[in-house]
Colleague: 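Can you read through this structure? Questions will come right after.
The structure presented is a predicted model; accordingly, all values stated were derived computationally and were not measured. Atom set for the values below is all heavy atoms of this structure, side chains included, hydrogens, waters and symmetry mates excluded.
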Amino acid sequence: MPGVVLEESWKERLSGEFSKDYMCNLKTFLLGQKQAGKCIYPKGSEYFRALDLTPFDQVKVVILGQDPYHGPGQAHGLCFSVRPEVQAPPSLVNMYKELQSDLGIPPANHGFLEHWAKQGILLLNSVLTVEHKQAASHQGRGWEQFTDRIVAELNEKRENLVFILWGSYAQKKGAFIDQQRHRVIKSAHPSPLSAYRGFFGSRPFSKTNEYLIAHGIEPIDWQLPDVSGLSGSQPMFEEMGGQI
């Protein structure tokens, strides 16, 4: 796929994917959607933002999401995260509630999670694009195969990672993870529809840090900095010479 700009450590491992049929079909689909006047989130420069912020060798934790947010201005390439000026969505609000219950960290005044990503938390959606106001509209188009390759690379080439799988979708996607090499934390999804069925009280944040510390790895600082002064995302991907 000409025009791909990808963080070097990931490019080394994933460049072969871009010449495969499924990725060529995905590119054709996305270009067709753009030509048809569809509004796609996030913008093309942010499709691979999670990989940009969290290089392969720096990954400590993987949080698997499903699809980008499909409202205006929300999605910017990290699962569960929104831009600093956007109100935190309900699932993220519940994550903050659990974080406060678990570690005593009060909720942030924003939903911008780049601070987590820059510490080694790969905030990876299974599907990396979506149409405006059309939830799950890009499922089954090829992104799942690409993100499966990402998870497989981490599973096979790294050790002592923490995989956080919230809800049945993420748990199915991560079913092949080697639990002898890695820590897998599972619970219900933080969505308001399911948070009271096992997410609240699951303590994923302290469990993550306990595992990291036990393996001699620097724990995560889960407290997000104040939104003031945060820099916005820097584009790292240009789709075929134009943003999609």
Colleague: Using modelled atom types only, decide if a donor and an acceptor are shared between the side chain of R158 and the backbone of V59 within a distance under 3.5 Å.
Modeller: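 Pair found, side chain donor or acceptor close to backbone of V59.
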Colleague: Donor-acceptor pair, distance only, cut-off 3.5 Å: does the side chain of S202 make one with the backbone of F199?
Modeller: yes
Colleague: May I ask you to check whether H132 and Y41 place their ring centers less than 6.0 Å from one another?
Modeller: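 Yes, close enough.
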Colleague: Hey, does the side chain of R181 reach the backbone of E156 with a donor-acceptor pair shorter than 3.5 angstrom?
Modeller: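 Between the backbone of E156 and the side chain of R181 there is a qualifying donor-acceptor contact (under 3.5 Å).
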Colleague: Give the cluster check for L53 versus L51: same hydrophobic cluster or not, with ILVMFWY residues linked at side-chain heavy-atom distances below 4.5 Å.
Modeller: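 They do not share one cluster, since no chain of ILVMFWY contacts under 4.5 Å joins L53 to L51.
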Colleague: Answer yes or no: is there a donor N or O on one side and an acceptor on the other, between the side chain of Y47 and the main chain of G77, under 3.5 Å?
Modeller: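 Checked: no pair found.
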Colleague: Is it possible for you to say whether I220 and L165 belong to one hydrophobic cluster, with membership spreading through side-chain heavy-atom contacts below 4.5 Å?
Modeller: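 Per the 4.5 Å side-chain linkage, I220 and L165 are not co-clustered.
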Colleague: Scan for salt bridge (Lys or Arg N to Asp or Glu O under 4.0 Å) pairs involving residues 185-213, sequence neighbours excluded, and state none if there are none.
Modeller: D102-R203, R203-E210
Colleague: Among L78, V151, I63, which residue satisfies the side chain to side chain contact (heavy atoms under 4.5 Å, CB included) criterion with L124?
Modeller: V151
Colleague: Taking all heavy atoms of S81 and all of H76, pick out the closest pair and write down the distance.
Modeller: OG-NE2, 2.7 Å
Colleague: Do F176 and L122 sit in the same hydrophobic cluster, where Ile, Leu, Val, Met, Phe, Trp and Tyr count as joined when their side-chain heavy atoms come under 4.5 Å apart?
Modeller: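 Same cluster.
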Colleague: Among residues two or more places apart or on two chains, list those pairs meeting side-chain hydrogen bond (donor to acceptor under 3.5 Å, both in side chains) that have a residue in residues 55-68.
Modeller: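 Passing the test, one end in residues 55-68: D67-Q139.
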Colleague: To check you understand the geometry: which heavy-atom pair defines the closest contact between P219 and Q119, and what is its length?
Modeller: O-OE1, 4.4 Å
Colleague: What do you reckon, are the aromatic ring centroids of F18 and F146 less than 6.0 Å apart?
Modeller: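 Between F18 and F146, the centre distance is under 6.0 Å.
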Colleague: Please work out whether the ring planes of F200 and Y196 are parallel, tilted or perpendicular, with thresholds of 30° and 60°.
Modeller: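 Ring orientation of F200 relative to Y196: perpendicular.
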Colleague: Closer than 3.5 angstrom, by distance alone: can the side chain of E144 be matched with the main-chain N or O of G140 as a donor-acceptor pair?
Modeller: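 Yes, the answer is positive, given that a donor and an acceptor are paired below the 3.5 Å cut-off.
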Colleague: Just grab all the salt bridge (Lys or Arg N to Asp or Glu O under 4.0 Å) pairs involving residues 164-175, residues at least two apart or on different chains.
Modeller: D148-K173
Colleague: Are L99 and I213 in one and the same hydrophobic cluster, where Ile, Leu, Val, Met, Phe, Trp and Tyr link if side-chain heavy atoms are under 4.5 Å apart?
Modeller: no
Colleague: Applying ring-ring contact (aromatic ring centres under 6.0 Å, His included), can you list everything that pairs with F163, at least two apart in sequence or on another chain?
Modeller: H182
Colleague: Go through the structure and list residues passing ring-ring contact (aromatic ring centres under 6.0 Å, His included) with W116, not counting sequence neighbours.
Modeller: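 Counting only residues at least two positions away or on another chain, W116 forms a ring-ring contact (aromatic ring centres under 6.0 Å, His included) with W222.
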Colleague: Does the gap between the ring centers of H138 and F29 come in under 6.0 Å?
Modeller: yes
Colleague: Does a salt bridge link R13 with E7, judged by any charged N lying under 4.0 Å from a carboxylate O?
Modeller: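 Answer for the salt bridge query: no.
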Colleague: Considering only distance and modelled atom types, tabulate donor-acceptor pairs under 3.5 Å from the side chains of residues 87-97, sequence neighbours left out.
Modeller:
unit_1	atom_1	unit_2	atom_2	d
N94	ND2	P190	O	2.7
Y96	OH	H110	O	2.7

Colleague: Could you please spell out the steps behind the ring pair (Phe, Tyr, Trp, His ring centres under 6.0 Å) verdict for H189 and Y169?
Modeller: CA-CA 9 Å; H189 194 277; Y169 186 96; 9.6 Å; no
Colleague: Is the shortest heavy-atom distance from the side chain of F56 to the side chain of E12 under 4.5 Å?
Modeller: no
Colleague: Are L123 and L161 co-members of a hydrophobic cluster defined by side-chain heavy atoms under 4.5 Å apart?
Modeller: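 In one cluster with L161: L123, no.
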Colleague: Within the structure provided, determine whether L26 and M23 are in side-chain contact (heavy-atom separation under 4.5 Å).
Modeller: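 Of all side-chain heavy-atom pairs linking M23 with L26, at least one is under 4.5 Å.
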